[in-house]
Undergrad: 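Just dropping this structure here.
Side chains included, hydrogens not; waters and symmetry mates left out as well; all remaining heavy atoms used. Counting starts at 1 for both ligands and their atoms, following the listed order.
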Amino acid sequence: MNCPRLEIDLEKIKQNASLIKRKCEKHGIEVVGVTKGFCAYFPIAKAYYEGGIRKFGDSRLVNIKRLVESGIRGDKYLIRIPMMSEVDEVVRWTDVSLNSELKVIKALGEEAVLQNRVHGVILMVDVGDLREGVMPEDVVDTVKEISDMKGIKFLGLGSNVGCFGGVLPSRENTRLLVDLAEELHRKLGISFSILSGGNTVSLGLLEKGELAEGINQFRIGEAILLGTDSTGNRIIKGAHQDTMRLVAEVVEVKEKPSVPVGQIGKDAFGDIPEFEDKGIRKRAILALGRQDVPVEKLIPEDEKIQILGGSSDHLILDVTDSGEDYYPGKKVGFKINYSTMLALMTSEYVKKVYV
Ligand SMILES: *Cc1c(COP(=O)(O)O)cnc(C)c1O
């Protein structure tokens with residue numbers, strides 16, 4: 001079979017989706033299944049659907065278009081604040097988008113009127129992670145303007161943490177969203193339905209009972225796909241972590257010195273490599289490289305293997321300490337985490353195999 005390949009267990013992903021959905025529903029929270037981690041490929045989106053997911057979120061329009069065209073039913077959310085230059089397509093392909101700029105929301109409204117549609121808007125609030133969102137003190141004025149716009153249905157507020165600033169979710173920063181909702185109701189008489197207050201890392205708050213009452217939507221990718229919460233540095237209890245594995249093929253095995261011979265310049269990526277002299281070692285080269293995956297993030301299933309590094313198309317392993325026999329043609333397996341998944345899914349050189 002083709003190598004390198006990413007083997008994807010659809011049944012396990014479906015079970016994870018169903019587990020996360022039930023966990024959230026118990027606390028009155030609906031799940032938007034985030035599909036960007038797998039480019040919204042149909043078989044995995046279908047596993048989400050079969051696990052009970054009925055709302056789908058992606059950061060890229062090409063992926064959302066793929067979902068719509070492959071017939072996955074349910075609301076489509078654009079979860080990256082839209083580019084001005086994609087406003088017409090946002091209205092065409094999605095039902096809802098997360099937003100933070102009045103100018104863009106206005107353009108979405110005008111476009112929605114042209115297309116004879118109504119576009120749903122969730123206003124993102126920056127609760128401290130310093131990625132997207134209006135500052136809390138600007139929320140009331142912003143919502144006032146949005147609620148008068150034609151073509152726009154204001155659906156609620158959203159927040160995101162753990163992505164740029166590394167800020168962890170807390171009772172306080174989720175409470176902020178709920179307080180703002182109350183303020184909007186009081187000052188503007190506006191009521192709305194969605195408080196989209198988190199992603200995978202927010203599941204920890206649910207389990208500890210520390211999520212502010214009133215939050216009613218999470219946008220979840222990683223917990224469903226990998227059963228992990230890498231920001232919170234933990235696994236999701238009851239979920240499968242072995243939903244995917246990478247298989248790559250050995251193309252060379254030789255005993256070589258552990259320090260290069262000759263004058264050392266910069267490598268192909270502008271770094272000066274450093275080597276520890278361990279004498280002669282047995283090295284295996286795999287046909288897989290930085291064009292496919294950040295090689296230093298790979299985790300071999302054979303724990304006795306050491307990753308020495310990689311270039312664009314080659315991965316170099318030290319297999320001296322392994323009890324396994326390595327030879328050209330041998331397949332080597334790797335565990336998958338969030339950063340390797342993102343890259344492997346995106347690389348067209350990596351075959352996706354559904355098992
Ligand atoms: C990627 C993303 C998510 C999903 O995050 P996970 O950690 O994979 O659950 C949610 N919301 C936004 C805005 C995102 O960009």
Undergrad: Got a sec, which residues hit side chain to side chain contact (heavy atoms under 4.5 Å, CB included) with Asp9, two or more places apart in sequence or on another chain?
TA: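 Asp9: side chain to side chain contact (heavy atoms under 4.5 Å, CB included) contacts with Glu11, Lys12, Val355.
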Undergrad: Could you give all pairs that pass the side chain to side chain donor-acceptor pair (under 3.5 Å) test and reach residues 345-355, with sequence neighbours left out?
TA: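 Residue pairs passing side chain to side chain donor-acceptor pair (under 3.5 Å), neighbours aside: Asp292-Ser347.
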Undergrad: Is it possible for you to check whether Arg245 lies under 6.0 Å from the centre of the six-membered ring of Phe334, through NZ or CZ, and within 45° of that ring's axis?
TA: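 Not satisfied by the 6.0 Å and 45° rule.
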Undergrad: Can you pull every nitrogen or oxygen pair between ligand 1 and the protein closer than 3.5 angstrom?
TA:
residue, atom, partner, partner atom, Å
ligand 1, 8 (O), Glu222, N, 2.9
ligand 1, 9 (O), Thr200, N, 3.0
ligand 1, 9 (O), Thr200, OG1, 2.6
ligand 1, 9 (O), Gly221, N, 2.8
ligand 1, 11 (N), Asn160, OD1, 3.4
ligand 1, 11 (N), Arg219, NE, 2.9
ligand 1, 11 (N), Arg219, NH2, 3.4
ligand 1, 15 (O), Lys36, NZ, 2.7
ligand 1, 15 (O), Arg131, NH2, 3.2

Undergrad: Under a single-linkage definition using a 4.5 Å side-chain heavy-atom cutoff for Ile, Leu, Val, Met, Phe, Trp and Tyr, are Tyr48 and Leu342 assigned to the same hydrophobic cluster?
TA: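 Both belong to a single hydrophobic cluster.
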Undergrad: With no hydrogens and no angle check, do the side chains of Thr200 and Asp229 hold a donor and an acceptor under 3.5 Å apart?
TA: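 No, no side-chain donor-acceptor contact under 3.5 Å.
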Undergrad: Can you pull the side chain to side chain donor-acceptor pair (under 3.5 Å) pairs that have at least one residue in residues 201-216, sequence neighbours excluded?
TA: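 Found Lys23-Glu207, Glu207-Arg234.
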